[in-house]
Asker: 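The structure is given below, and queries will be raised subsequently.
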Amino acid sequence: MSATLKSIEDPVTQLSGVGEQRAAALKTLGIQTIADLLEYFPFRYDDMAAKDLSKVTEGEKITLKGTVANEPTVVRFGRKKSRLNFRLLIGHDVVGVTFFNQPWLDKQLVIGQETAVYGKWDATRKSLSGMKLITSSDKAAFGAIYSTNKHIRQSTIAQLVKQAYEAYQDVIYTVLPAKLIEKYRLLDRRTMIHDLHFPKDPEAAKAARRTAVFEEFFLFELRLQMMRAKDHQAAGISIEYDNEALKDFIKTLPFELTNAQKKVVNEICADLKRPLHMNRLLQGDVGSGKTIVAAIVMYAAITAGYQTALMAPTEILAEQHARNLANIFKDLPINIVLLTGSTKAKARREALKHIASGEVNLIIGTHALISDDVVYHQLGLAIIDEQHRFGVNQRQALRQKGQHPDILAMTATPIPRTLQITAYGEMDVSIIDELPAGRKPIITRWIHSNQVEAAMDFIRTQLAAGQQAYVVTPLIEESEALDVKNAEAIYDHLSENFAPDYRVGLLHGRLKNEDKEAVMNAFKADDYDVLVSTTVIEVGVDVPNATVMLIFDADRFGLAQLHQLRGRVGRGSVASTCILVADPKTQDGIARMQVMTDTNDGFLLAQKDLELRGSGDLLGTKQSGVPDFRVGDPVAQIKILQIAQQEAIALVDQPNWQTQPDNRELAGYEQSELKRHSTLD
Ligand code: ADP
Ligand code: MG
């Protein structure tokens, strides 16, 4: 290969020592190209400065640097086993070092020579069980520690990174515009990569990381802002809805809209009318009444002759919406069809035909709505309920349907502002910040498992007053089968307990869809007094007469999820109670139970969840579309993220930014990245 043809996008197999097997191992870490490898940054550095040994704790993995104090001794036992011992002089301390089964190391240990050993500290014996000897020839790899897995060794990665850097350093180009580098005192890319892998001291590593974080955030934001700009430029549809018909419809509703609902309806309707693509996120706490907002704007689109679609994350919820909307629209010329994964083949064929011909104008379903064979007649508006349960890819797939419909994504998981700009940076946001009047706040109590009987007595008094109750069974993430078994056991126990006065139903994920629907309907119709359920009731289900919820092992859930679950009660005008049963063993568990009893404010809880558990847990990284940042932390480094966002917006707002010389590398880089990201996984 001639040197001039070298590219940072070359496959790793260009490196010596990387054959098919090693390439496969690297791929498990997401490394396929030289660029991937060079951007595989260490997650920490071993502090090479002599450690204060009194501060090292038992079992800690550390690197100790000192001089070899004596001739190493090797003791062999058995056929292949050996133990090598020597002493390391660190300042005034002498530390014993042992290596097992690496007798050849003795040749590399010379009395009086500086050396560093990585290993596990044994505090009682004041000795180190050596794992890796870092010789002076290794200097370049000094300090960098890479995260790895069972397929490939740490030292192999370090060695390959070094090889890649040496061979490719001259083709590393800087993507950030020079202006930004200057303005924020950043490093050029080659220096950044060098100093991240082979820093001469902690300061160099820190400066390099700062550049890497900025670059990562900036490129991410740039992609979002380009998407947004493209959306805004593309000729969207202008949905000329019938305002009078809409007003008349709103008058037929059994309640007055809250001010917050009116405000967001106006925001969305204004978007519909604009000949631009709408890409809007509607946030509103559980019970804030998002469904009716969806109904109103869908009706608006229908009055303009368009089809609309409503996509929900579960079949239960899709069915509930279908029933609910059929009722809301019963006096209007609206044809509804329900399409889910369990729609039978014949019904499905019919449905697809009617969707394609435009005979139906309101299509409700699960992700079945985005499957390839669903062809819309004239889809003007698509709404995604419980958006946080879907991924960005699904949002985009819906977007690609028909004439690129306007998109409204709804979520009850309040997203702290810190995460908003990462998860939904390309969207406009509407917020319902008010609950319908007359709601009594939900009282939340935390009890220990030995108080469950008393809680059951309390539930009995509620049932006697004509109310209904949910009992949520423990979440067993590892196994749905266990989950179900648990639910069945609790169901058996409660059925016996409440018989003959009260009837108990059971709902879980393994039931057939018809059965699920039957159970839900029966509960809605008050044929069951108590519904024992796994977390399948988490999202959206609406039974106003249910006023008590008991959640077993509540500390296994995240705050956002508990809040969602709790949101199933408190939907009517009777005061509701949520009982959390938990015996948390950790500080974090206790803190979560306390904050749940302290507040009903979803935004506050989301913020707490973020602090206690990190963003992944709050939104479910995969599902939410919050990217896995490699170096940046969007929560801790929110300031940098905000600056990166401002700069990205400023750049994209300039016409022709892509042809300006200062941005040439950037534009090229984004093109290739866009190509990479457009293949949906
Ligand atoms: P969510 O925002 O959690 O999806 P829903 O749309 O399910 O909430 O609404 C919760 C309940 O509040 C429903 O029973 C709905 O009929 C009722 N509701 C919605 N808006 C109002 C309102 N303005 N006044 C009174 N009740 C309302
Ligand atoms: Mg809802």
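Counting starts at 1 for both ligands and their atoms, in listed order.
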Asker: From atom 14 (O) of ligand 1, work out which of Asp542, Leu435, Val286 has a heavy atom at the shortest distance.
Answerer: Asp542
Asker: Tell me yes or no: between the side chains of Arg280 and Ser430, is some donor less than 3.5 Å from an acceptor?
Answerer: yes
Asker: I want to confirm something. Looking only at heavy atoms, which of Ser573, Pro544, Pro436 is nearest to atom 24 (N) of ligand 1?
Answerer: Pro436
Asker: Please identify each residue that fulfils side-chain hydrogen bond (donor to acceptor under 3.5 Å, both in side chains) with Glu350, with sequence neighbours left out.
Answerer: none
Asker: Quick one: does ligand 1 sit under 4.0 Å from the side chain of Lys290, the backbone, both or neither, non-hydrogen atoms only?
Answerer: both
Asker: How would you list, by chain and number, every residue that makes a side-chain hydrogen bond (donor to acceptor under 3.5 Å, both in side chains) with Lys353, sequence neighbours excluded?
Answerer: none
Asker: For Glu256 and ligand 1, answer yes if some heavy atom of the residue is under 4.0 Å from a ligand atom, otherwise no.
Answerer: yes
Asker: Thinking salt bridges, do Lys262 and Glu256 make one under a 4.0 Å N-O criterion?
Answerer: yes
Asker: How about Lys263: does its NZ atom have over 12 heavy atoms from other parts shown lying under 6.0 Å from it?
Answerer: yes
Asker: At a 4.0 Å cut-off, with the gap strictly under it, does some heavy atom of Ser288 reach an atom of ligand 1?
Answerer: yes
Asker: Quickly, which of Val374, Leu379, Leu339 forms a side-chain contact (heavy atoms from CB on, under 4.5 Å) with Leu369? Name it, please.
Answerer: Leu339
Asker: Does Arg439 come within less than 4.0 angstrom of ligand 1, counting non-hydrogen atoms of the residue?
Answerer: yes
Asker: Ring centroids only, cut at 6.0 angstrom: are Phe249 and Phe329 within range, meaning strictly under it?
Answerer: yes
Asker: Does Gly287 reach ligand 1, in the sense of a heavy atom lying below 4.0 Å from it?
Answerer: yes
Asker: With heavy atoms of Thr291 as the reference, note each atom of ligand 1 found under 4.0 Å away.
Answerer: 4 (O), 5 (P), 6 (O), 7 (O)
Asker: Show which atoms of ligand 1 fall inside a sub-4.0 Å distance from at least one heavy-atom site of Leu257.
Answerer: 23 (N)
Asker: Should Gly289 be counted as touching ligand 1, given the test is an N or O pair under 3.5 Å?
Answerer: yes
Asker: By number and element, which atoms of ligand 1 are closer than 4.0 Å to a non-hydrogen atom of Thr258?
Answerer: 23 (N)
Asker: Answer with yes or no whether the side chains of Gln561 and Thr535 bring together a donor and an acceptor at under 3.5 Å.
Answerer: no
